[in-house]
Amino acid sequence: MDFCDDCGGVKESRECGKCDSDPVQREDVPQDVKDKWEKEQDELKKKLILEDAPVIQEMKESMEHNKDMKFYIGGVDISFVKGDLVNACSAFVVCSFPDLEKVYEDYEMVKLTQPYIPGYLAFREVDFMIQQYNKLKTRKPEYLPHVIMVDGNGIIHPKEFGCACQLGVLLDIPCIGSAKKLFQVDGLEKDEHHQEKIKNLSEGGDSFPLIGDSGRQLGVALRSCNKTTNPIFVSPGHKISIASAEWLVYKCCKYRIPEPVRQADIGSREYLRQNFKHDEPT
DNA sequence: GCGACAG
DNA sequence: ATCTTGTCGC
């Protein structure tokens, strides 16, 4: 029996929608949906700001001058039920900064209706995050985050408008993308050149810029702590510069993944393990 | 045409 | 995204 390298499931079961050998079975997304999404990205991109909001400067100043101001950083992530293409848990957590204590967490079962298409992740996941942000805004406004970190990319994206950009623009607050794998866009490659640069990241905080064929820098590959050599890929989502995004993400890393996102990841998996039974209560 | 393709 | 087991190292 064959197993899928991507989802680990039996190939014939097509659990991840990707491991089928029969292209006819593949859920081809209508071209008009992609066209619609592309136009929406173009529209939202007009509002994109890649400069630091005042609060980002405040955070830096507070750190540099030992003021003891407290800030809040949000982390969002969605965990899935294996073998279930629809049910998932969306997490929104808030950590204090700079101490990185979890001060708020919200988990919600959601139904993923839109497919995952590289380049259009936001259309699959961002609505739930906005929903949970609004819930937080109503119920615990004292914990509203000054910045949100997203498990995905900001401007490291074919249109320089990834998930973190879309969330940032729609909420109009600073957002940062932190991805575990390099999205190979604008000529960015994980070739031996790239691997060599990774080997040269000798300690936590080391990084190298990700500059595309266009000559534009889209983000950085960051060794986020000493415990790992495997970098994360950081790019601004909205209202923050590349340098500040890198700075803030590094400040949030106790482990490889920035703490707010890591807590959202851990929390949502745990929530599924305890609350999800194999027949969803409508 | 072929490979690549965040989560 | 999801699964799995051990293994190596601090």
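Remember, predicted model here, so these are calculated numbers, not experimental data.
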For this session: With sequence neighbours left out, write down each residue that passes side chain to side chain donor-acceptor pair (under 3.5 Å) with A/Lys135, or none if nothing qualifies.
Result: A/Asp106, A/Glu108
For this session: Identify whether any heavy atom of A/Asp151 sits under 4.0 Å from a base atom; if not, whether one sits that close to sugar-phosphate; answer base, sugar-phosphate or nothing.
Result: sugar-phosphate
Exercise. Looking across every strand, which nucleic acid part, if any, lies under 4.0 Å from A/Gly119 by heavy atom: base, sugar-phosphate, or nothing?
Worked result: base
Exercise. Is any NZ, NE, NH1 or NH2 atom of the basic residue among A/Asp265 and A/Arg269 found under 4.0 Å from an Asp or Glu carboxylate oxygen of the other?
Worked result: yes
For this session: Rounded to the nearest angstrom, tell me the gap between atom CE in A/Met129 and atom P in C/dA1.
Result: 12 Å
Exercise. In whole Å, what is the span from the CG atom of A/Asn153 to the P atom of B/dA6?
Worked result: 9 Å
Problem set entry | Members of residues 205-220 of chain A that approach DNA chain B, where some heavy atom sits under 4.0 Å away | none
Problem set entry | Spacing of A/Glu125 atom CD relative to B/dA6 atom P, expressed in whole Å | 12 Å
For this session: Report which part of the nucleic acid A/Tyr116 touches: base, sugar-phosphate, or nothing (heavy-atom distance under 4.0 Å, all strands).
Result: base
For this session: Check each residue of residues 222-257 of chain A for a non-hydrogen atom within less than 4.0 Å of any atom in DNA chain B, then write out the ones that pass by number, or none.
Result: none
Problem set entry | Within 6.0 angstrom of A/Lys36 NZ, more than 12 heavy atoms from elsewhere | no
Problem set entry | Apart from A/Val86 itself, residues in the same hydrophobic cluster as defined by side-chain heavy atoms under 4.5 Å | none
Problem set entry | A/Gln263-A/Glu259 side chain donor-acceptor pair, cut-off 3.5 Å | yes
Problem set entry | salt bridge (Lys or Arg N to Asp or Glu O under 4.0 Å) contacts touching residues 209-238 of chain A (sequence neighbours left out) | A/Glu160-A/Arg216
Exercise. Side chains of A/Tyr104 and A/Val93: closer than 4.5 Å at any heavy-atom pair?
Worked result: no
Exercise. Stems in DNA chain C: runs of 3 or more consecutive Watson-Crick or G-U pairs, distances under 3.5 Å?
Worked result: none
Exercise. Is there side-chain contact between A/Leu170 and A/Ile130, with at least one heavy-atom pair below 4.5 Å?
Worked result: yes
Exercise. Between C/dA1 and A/Arg124, is there an OP1 or OP2 to side-chain N/O distance shorter than 4.0 Å?
Worked result: no
For this session: Considering only Ile, Leu, Val, Met, Phe, Trp and Tyr, and joining two whenever side-chain heavy atoms are under 4.5 Å apart, list the other residues clustered with A/Leu121.
Result: A/Tyr116
For this session: Please tell me if the side chains of A/Asp52 and A/Pro174 come closer than 4.5 Å, counting only heavy atoms from C-beta onward.
Result: no
Exercise. Can you tell me how far P of B/dA6 sits from CG of A/Asp77, to the nearest Å?
Worked result: 15 Å
For this session: Would you kindly give the OH-to-P distance between A/Tyr271 and C/dA1, to the nearest whole Å?
Result: 21 Å
Exercise. Taking only residues at least two apart or on different chains, which pairs with a member in residues 191-202 of chain A satisfy side-chain hydrogen bond (donor to acceptor under 3.5 Å, both in side chains)?
Worked result: A/Ser202-A/Asp206
Exercise. A/Glu43 and salt bridge (Lys or Arg N to Asp or Glu O under 4.0 Å): which partner among A/Lys39, A/Lys46, A/Lys47, A/Lys45?
Worked result: A/Lys46
Exercise. Once Watson-Crick and G-U wobble pairs under 3.5 Å are found, how is DNA chain B written in dot-bracket notation, 5' to 3', with | for any base paired to another strand?
Worked result: .......
For this session: Using a strict cut-off of less than 4.0 Å between a Lys/Arg side-chain nitrogen and an Asp/Glu carboxylate oxygen, indicate whether A/Lys67 and A/Glu58 qualify as a salt bridge.
Result: no
Exercise. Between B/dG7 atom P and A/His157 atom NE2, what is the distance in whole Å?
Worked result: 12 Å
For this session: Could you tell me whether A/Tyr120 contacts a base, only the sugar-phosphate backbone, or nothing, with contacts defined as non-hydrogen atoms closer than 4.0 Å?
Result: base
Exercise. Which of the following nucleotides, C/dA1, B/dC5, C/dT2, is nearest to the side chain of A/Lys82?
Worked result: C/dT2
For this session: Return each pair, listed once, that meets salt bridge (Lys or Arg N to Asp or Glu O under 4.0 Å) where at least one residue sits in residues 230-253 of chain A; pairs must be two or more places apart or across chains.
Result: A/Asp172-A/Lys239
Exercise. For DNA chain B, what residues of residues 178-197 of chain A have any heavy atom nearer than 4.0 Å?
Worked result: A/Ala179, A/Lys180, A/Lys181, A/Phe183, A/Gln184, A/Lys190
For this session: Starting from C1' on B/dG7, measure out to CG on A/Leu85 and report it in whole angstrom.
Result: 13 Å
Exercise. Residues from residues 162-175 of chain A sitting under 4.0 Å of DNA chain B, heavy atoms only?
Worked result: A/Gly162, A/Cys163
For this session: Could you check if a side-chain atom of A/Lys111 sits within less than 4.5 angstrom of a side-chain atom of A/Phe128, using non-hydrogen atoms only?
Result: no
Problem set entry | Contact check, side chains of A/Met59 and A/Ile73, non-hydrogen atoms, under 4.5 Å | yes
For this session: Starting at atom CD1 of A/Ile156, determine the distance to atom P of B/dG7, rounded to an integer number of angstrom.
Result: 11 Å
For this session: Answer yes or no: is there a side-chain heavy-atom contact under 4.5 Å between A/Cys163 and A/Val126?
Result: yes
Exercise. Do A/Met109 and A/Tyr271 come within less than 4.5 Å of each other through their side chains, counting heavy atoms only?
Worked result: yes
Exercise. Are side-chain heavy atoms of A/Ile173 and A/Tyr133 found at a separation under 4.5 Å?
Worked result: yes
